[in-house]
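The block underneath contains the structure these notes are about, expressed in structure tokens.
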Number of protein chains: 2
Amino acid sequence: MNERIQPELMAEEERLIVKKALEVVCGKWRLFILLHLGQKVRRYSELRRLLPDVSEKVLIQELKTLVQLGVLQKQSYNEVPPRVEYRLSEKGLAVLPILLQIKDIGRHFLPAE
Amino acid sequence: MNERIQPELMAEEERLIVKKALEVVCGKWRLFILLHLGQKVRRYSELRRLLPDVSEKVLIQELKTLVQLGVLQKQSYNEVPPRVEYRLSEKGLAVLPILLQIKDIGRHFLPAE
DNA sequence: TTGTTTGCTAACATTCAAGTTAGCAGCTGT
DNA sequence: ACAGCTGCTAACTTGAATGTTAGCAAACAA
């Protein structure tokens, strides 16, 4: 059993895993956000300043998605003006080393290092 | 010197590195293609069968881009019907372990493993 | 009173990735 | 003679991702 007759289709589960990984990492800004949050807790406004090219709408939207995915945690304080902090969740921290390695991929393919 | 006054903007070079890494990995199909080519050389038609949901146009386009990026190598034989093989380049092989680790990210965030 | 900061949302616009369909060239098998 | 396989390209359409602009509420500082 398990002899491969045709080129092996990737198992459905595998596909889901890869898809989910892409959700976490891909998009124009997601990885940047995650790397900026590596270890450090950051306020929303801080992230805004760190990523001046992301539109506000998109930044909030991405943060929300990442919270839903379980990569980030959000903490709001009832203050005025409002204060909202984002940090990597436990799972987020768990994959941080891999996120950092992804940068190594970039290093390999940048022209003339 | 180098005391951080403001939240540190990511250095320009860093940004380029991350961007380049995203080029290699992101997109709906790129990572799938690369994983299917891990070690093994494959013909175009084989990839087609392995990735039935990618449109032909996009598959060819992605392969071309990956060749340009230097992740893949392409080899055409003057036969009829034509035969074209794709494989990971040396650099591609170098980053394969990281690509495989990306799947682990997915595993962490898939519901109810 | 006016302006500032903070973290948001809603409506709309644009841009870009991906999908669809059709076609081609050259040989093979029927 | 005809359809089929192979690796492509071109023209066009759809849909998702991203961007733009405006507004809000509550407190504070000038």
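As the structure is a computational prediction, the values presented were derived from the model and not from experiment. Only this structure's heavy atoms are used, side chains among them; waters, hydrogens and symmetry mates stay out. Chain identifiers are assigned alphabetically (A, B, ...) following the order of the sequence lines, protein sequences preceding nucleic acid strands; residue numbering begins at 1 within each chain.
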K28(A) atom NZ is separated from dT18(D) atom P, nearest whole Å, by 8 Å
Specify the residue among P81(A) and V54(A) whose closest nucleotide of DNA chain D lies further upstream toward the 5′ end.
V54(A)
If the threshold is 4.0 Å, N to carboxylate O, is there a salt bridge linking K20(A) and E23(A)?
yes
Check the distance between dT5(C)'s C1' and R48(A)'s CZ and give it to me in whole angstrom.
13 Å
Heavy-atom donor-acceptor pair, E56(B) side-chain to dC8(D) base, under 3.5 Å:
yes
Any side-chain N or O of K74(A) less than 4.0 Å from the OP1 or OP2 oxygen of dC8(C)?
yes
Give the rounded distance in Å between these two atoms: NZ of K19(A) and C1' of dA18(C).
14 Å
I need the CD-P distance between Q75(A) and dT6(C), as an integer number of Å.
18 Å
With I33(B) as reference, evaluate L59(B), V54(B), V71(B) under the side chain to side chain contact (heavy atoms under 4.5 Å, CB included) test and give the passing residue.
L59(B)
Does a side-chain N-to-carboxylate-O contact under 4.0 Å join E85(B) and R83(B)?
yes
Please give, in whole Å, the distance from dA17(C) C1' to L59(B) CG?
15 Å
Touch check for R43(B), heavy atoms < 4.0 angstrom, all strands: base, sugar-phosphate only, or nothing?
sugar-phosphate
What does S55(A) touch in the nucleic acid at a heavy-atom separation under 4.0 angstrom: a base, only the sugar-phosphate, or nothing?
base
Output yes when E12(A) and R15(A) qualify as a salt bridge under the 4.0 Å nitrogen-oxygen rule, no when they do not.
yes
Please compare E85(A) and C26(B) by the position of their nearest nucleotide in DNA chain C and report the one closer to 5'.
E85(A)
Expressed in angstrom and rounded to an integer, what is the separation of R42(A) atom CZ from dT6(C) atom P?
16 Å
Mind calculating the distance between CD (Q61(A)) and P (dA16(D)) to the nearest angstrom?
13 Å
Measure OH/Y86(B) against P/dT6(D) and give the value in whole Å, please.
14 Å
Between dG19(D), dA26(D), dC8(D), which nucleotide gets closest to the side-chain atoms of V58(A)?
dG19(D)
Nearest to the W29(A) side chain among dT9(D), dA18(C), dG19(D), which nucleotide is it?
dG19(D)
With a 3.5 Å cut-off and heavy atoms only, can you find an N or O donor on one side and an acceptor on the other between the side chain of K57(B) and the base of dT20(C)?
no
Residue P82(A), side-chain heavy atoms: nucleotide from dC8(D), dG7(C), dG26(C) that is nearest:
dG7(C)
Salt-bridge test for E14(B) and K103(A): reply yes if a basic N is under 4.0 Å from a carboxylate O, no otherwise.
yes
Once you apply a heavy-atom cut-off of 4.0 Å, does Y77(B) come out as touching a base, just sugar-phosphate, or nothing?
nothing
For dG7(D), take OP1 and OP2 only and decide whether either is under 4.0 Å from a side-chain N or O of S76(B).
no
